[in-house]
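What you see is a predicted model, and the numbers here were worked out from it, not measured in a lab. Each chain gets a letter, A, B and so on, in the order its sequence line appears, and its residues count up from 1.
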Amino acid sequence: MALYTEQTLKVHNSLSGSKEVFTPIHEGHVGMYVCGPTVYSNVHLGNCRTFMSFDLIFRYLRHLGYKVRFVRNITDAGHLEDDADEGEDKIAKKARLEKIEPMEVVQRYTVDFHNILQRFNLLSPSIEPTATGHIVEQIEIIKVIQDRGYAYEKNGSVYFDVIRFNQDYEYGKLSGRKLEDMIANTRELTAQDEKRNPQDFALWKKAEPQHIMRWPSPWGEGFPGWHLECTVMSTKYLGDTFDIHGGGMDLKFPHHECEIAQAEASNDQPPVRYWLHANMLTLNGKKMAKSTGNNLLPGEIFSGENNILSKPFSPTVVRFFMMQAHYTSILDLSDDALLAAEKGYNRLMEAMDQLPDLPAGKSSDFDVAAWRQRCYDAMNDDFNSPVLIAQLFEGVKAINLARDEKQSLTPGDRDLLAQTMEAFVHDVLGLEKSLGQTRETEKLEGVMKLVIELRNQARANKDYHTSDQIRDTLSELGIQLKDGKEGTTFTL
RNA sequence: GGCAUCGUGGCCGAGUGGCUAGGCACAGCUCUGCAAAAGCUUGUACAGCGGUUCGAAUCCGCUCGAUGCCUCCA
């Protein structure tokens with residue numbers, strides 16, 4: 001029996017604005033699409049949070065026993081038009097150099113994207129399609145939309161007719177906007193604008209001479225509009241209607257709204273059952289923006305090469321920090337918050353280390369089965385990882401008490417506790433011990449064993465001067481000794 | 001200006017119409033040669049102003065503030 005049959009998962013559906021019981025279209029299978037990055041610069045930390053949120057969701061669905069087809073695209077077309085951003089020296093220069101061959105830019109930043117996500121321990125999606133790989137499909141769907149009367153051509157470009165669409169369907173239902181309000185709020189069209197209405201958006205755009213990426217089409221050389229690729233790639237791999245569509249909150253309008261419109265205009269059915277939106281990440285209470293310097297790259301956090309944080313933080317600590325907030329809440333990143341998260345993370349991981357040799361007794365003072373269900377309840381409630389983590393710290397307490405033999409667990413409960421901790425910490429939250437188990441660390445363990453032995457000898461001889469010298473010197477090096485009932489251990 | 005999300009104790013962050021997550025920091029206690037670690041204990045906070053209610057931080061309205069999107073373009 002798969003776990004999902006005994007756990008009731010609820011998700012916050014942006015479409016209804018409320019939590020709904022999650023029931024996939026095909027029992028046991030879930031189709032999920034998440035809008036991926038545009039690969040023209042280093043992946044942004046805020047993007048990482050979004051992808052991490054959906055990694056958590058992907059992991060939990062898998063943990064529940066669903067077979068998940070997870071599609072996340074790479075946008076590698078349509079965004080490389082000259083931005084006339086001449087003011088920025090380095091970046092503008094670099095961009096101009098990179099624009100010599102767009103696919104080089106794409107390659108470089110796709111690799112960067114994959115590297116960073118891997119360091120954050122994100123699982124790979126099942127399919128990672130690219131926009132440029134689906135130009136034919138995009139052209140085909142434009143034809144359908146045009147045939148059904150919801151698009152028009154102008155000077156080699158094709159635009160989606162939002163007002164026409166709104167007569168038969170509802171434009172704005174996802175973001176809670178009304179078309180008439182939007183029209184009332186827009187300025188007059190400029191004379192040279194090809195659109196009939198400002199709300200219309202491009203399905204196909206004629207390539208100006210300076211535009212490098214271009215493809216032949218029935219309307220001449222051009223490139224697809226950016227909303228189109230997601231409609232095409234999601235429905236191609238997941239079906240005309242699929243279970244989950246995710247993305248950052250910033251994509252809700254207009255991007256996702258337009259996706260719905262395109263899908264309905266071509267298929268006459270809503271493409272997505274559950275829309276999930278991940279919220280933004282701020283830095284020191286303000287939005288991240290390159291222009292103000294309030295910006296951090298993932299690599300700069302790992303290396304410590306930045307002017308914002310007091311020290312480097314490992315990817316797994318950053319991941320833990322992000323998992324401590326709910327994915328639908330704005331999360332603020334700061335030095336204090338990361339420092340606190342790091343300590344909490346270490347405490348969690350040290351408890352995990354106790355798991356293999358935890359003593360067991362005749363009875364249990366901790367109701368492991370009830371606690372385990374509380375962990376599931378947390379995740380069932382719209383993937384509430386902060387509440388899950390709170391529960392895991394209850395587990396930490398139980399582990400520490402059992403280790404100190406202040407509380408006892410039956411062998412069965414001990415094993416269930418261990419198995420549940422492992423499952424949630426590693427499989428669901430995707431937290432791993434900071435990697436780096438090399439020969440050097442093996443040597444270090446040997447050395448430390450000796451040093452601890454010498455110190456204990458000194459202590460036995462009441463030579464506290466020597467024992468404290470050992471302890472204090474190690475402490476200055478960042479190695480902390482911990483005297484427990486079972487002997488002395490250390491942490492780095 | 002419009003739409004949306006939100007405003008919680010020293011910090012970060014859950015949650016909910018009455019029973020007050022969790023982490024970090026702080027304090028006390030236990031343990032310890034002294035510490036650290038670990039454990040235990042303590043914190044009645046929910047932007048402001050009105051309203052609904054027996055009762056609201058939780059529902060409604062307004063004000064203020066934050067963040068995102070839109071009012072260029074894809």
Side-chain angles (χ1 to χ4, degrees), chain A residues 14 17 38 46 75 77-81 83 157 172 174-178 181-187 190 193 195 198-199 201-203 205 211 223-228 248-258 277 279-282 285-288 320-326 328-348 350-351 354 374 378 381 384-394 396-401 403-407 458-460 462-465 467-468 471-472 474-475 480-485 488-491:
Chain A
S14 304
T38 303
T75 298
H79 283 277
L80 299 172
E81 198 167 7
D83 279 87
S157 293
L174 178 65
S175 54
R177 290 162 202 243
K178 288 204 162 56
D181 294 345
M182 291 166 60
I183 292 167
N185 271 315
T186 44
R187 297 173 190 166
T190 51
D193 204 315
K195 293 179 186 177
Q199 287 71 34
F201 54 90
L203 297 172
K205 196 88 177 143
H211 200 93
F223 55 97
W226 79 302
H227 305 305
L228 200 57
M249 201 79 103
D250 53 341
L251 296 181
K252 202 168 177 182
F253 187 89
H255 184 58
H256 291 157
E257 205 69 74
C258 295
H277 286 98
N279 218 137
M280 302 290 108
L281 181 74
T282 57
K286 288 176 187 154
K287 69 169 173 180
M288 285 198 211
F320 176 79
F321 164 73
M322 291 189 178
M323 291 292 149
Q324 270 191 306
H326 189 76
T328 57
S329 298
I330 294 174
L331 173 63
D332 185 47
L333 185 130
S334 64
D335 197 46
D336 285 348
L338 280 176
L339 250 13
E342 185 172 55
K343 287 185 183 166
Y345 167 82
N346 287 147
R347 201 156 84 84
L348 177 63
E350 282 159 31
Q354 309 292 333
R374 287 199 297 275
D381 185 15
N384 199 324
S385 54
V387 170
L388 170 65
I389 289 173
Q391 289 303 329
L392 293 179
F393 275 104
E394 296 300 318
V396 167
K397 193 181 273 190
I399 291 168
N400 288 331
L401 285 170
R403 176 205 56 197
D404 294 345
E405 292 176 344
K406 288 176 177 165
Q407 223 180 52
R459 291 173 73 201
K462 303 210 171 180
D463 179 5
Y464 297 126
H465 178 75
S467 67
D468 287 354
R471 183 180 69 197
D472 296 343
L474 288 174
S475 172
Q480 186 183 48
L481 291 181
K482 299 198 287 193
D483 296 325
K485 281 217 170 72
T488 304
T489 55
F490 72 97
T491 50

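For B/C24, one of the phosphate oxygens OP1 or OP2 lies less than 4.0 angstrom from a side-chain nitrogen or oxygen of A/Arg347. Within the structure, a side-chain polar atom (N or O) of A/Lys205 is placed less than 4.0 Å from OP1 or OP2 of B/A74. Contact between the side-chain N/O atoms of A/Ser329 and the OP1/OP2 oxygens of B/A14 is found at a separation under 4.0 Å.
Rounding to whole angstrom units, CZ of residue A/Phe320 and C1' of B/G23 are separated by 7 Å. Remark: P of B/C3 and CD of A/Gln199 are 15 Å apart, rounded to the nearest angstrom. What separates CD of A/Glu257 from P of B/A74 is a distance of 17 Å, to the nearest Å. Regarding A/Gln354, its CD atom lies at a distance of 15 Å from the P atom of B/A37, rounded to whole Å. In this structure, A/Ile330 places its CD1 atom 8 Å from P of B/G68, rounding to the nearest Å.
Closest to the side chain of A/Asp336, from the set B/C11, B/U5, B/A38, is B/C11. If you check B/U67, B/G23, B/C69 against the side chain of A/Lys286, the one that comes closest is B/U67. Which of B/G23, B/G68, B/A14 sits closest to the side chain of A/Val387 comes down to B/A14. Side-chain proximity of A/Asn400 to B/A25, B/U67, B/A38: nearest is B/A38. For A/Pro254, the listed nucleotide lying nearest its side chain is B/C70; candidates were B/A21, B/C70, B/G23. Out of B/A74, B/G13, B/A38, the shortest distance to the side chain of A/Ala325 is found at B/G13. Comparing B/C24, B/A21, B/C69 by their nearest atom to the side chain of A/Lys343 picks out B/C24. Considering only side-chain atoms of A/Met280, the nucleotide from B/G68, B/U5, B/A21 that sits closest is B/G68.
Using a 4.0 Å heavy-atom criterion, one finds that A/Glu394 contacts the sugar-phosphate atoms exclusively. No contact: A/Lys178 has no heavy atom under 4.0 Å from any strand.
In this structure, the ring-ring contact (aromatic ring centres under 6.0 Å, His included) partners of A/Phe201, at least two apart in sequence or on a different chain, are A/Phe160, A/His227.
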Tabulate atom names and distances for all N/O pairs under 3.5 angstrom spanning the protein and nucleotides 40-47 of chain B.
unit_1, atom_1, unit_2, atom_2, d
B/C40, OP1, A/Lys397, NZ, 3.3

Just the atom pairs and distances: protein N or O near nucleotides 32-35 of chain B's N or O, under 3.5 Å.
unit_1, atom_1, unit_2, atom_2, d
B/G33, O4', A/Tyr464, OH, 3.3
B/G33, N9, A/Tyr464, OH, 3.4
B/G33, O6, A/Arg459, NE, 3.4
B/G33, O6, A/Ser467, OG, 3.4
B/G33, N1, A/Asp468, OD1, 2.9
B/G33, N2, A/Asp468, OD2, 2.9
B/C34, O2, A/Arg471, NH2, 3.2
B/C34, N3, A/Arg471, NH1, 2.8
B/C34, N3, A/Arg471, NH2, 3.4
B/C34, N4, A/Arg471, NH1, 3.2
B/A35, N6, A/Asp483, OD2, 2.4
B/A35, N1, A/Asp483, OD2, 3.2
B/A35, N3, A/Arg471, NH1, 2.8

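Under the 4.0 Å criterion applied to side-chain N and carboxylate O atoms, A/Asp483 and A/Arg471 are not assigned as salt-bridge partners.
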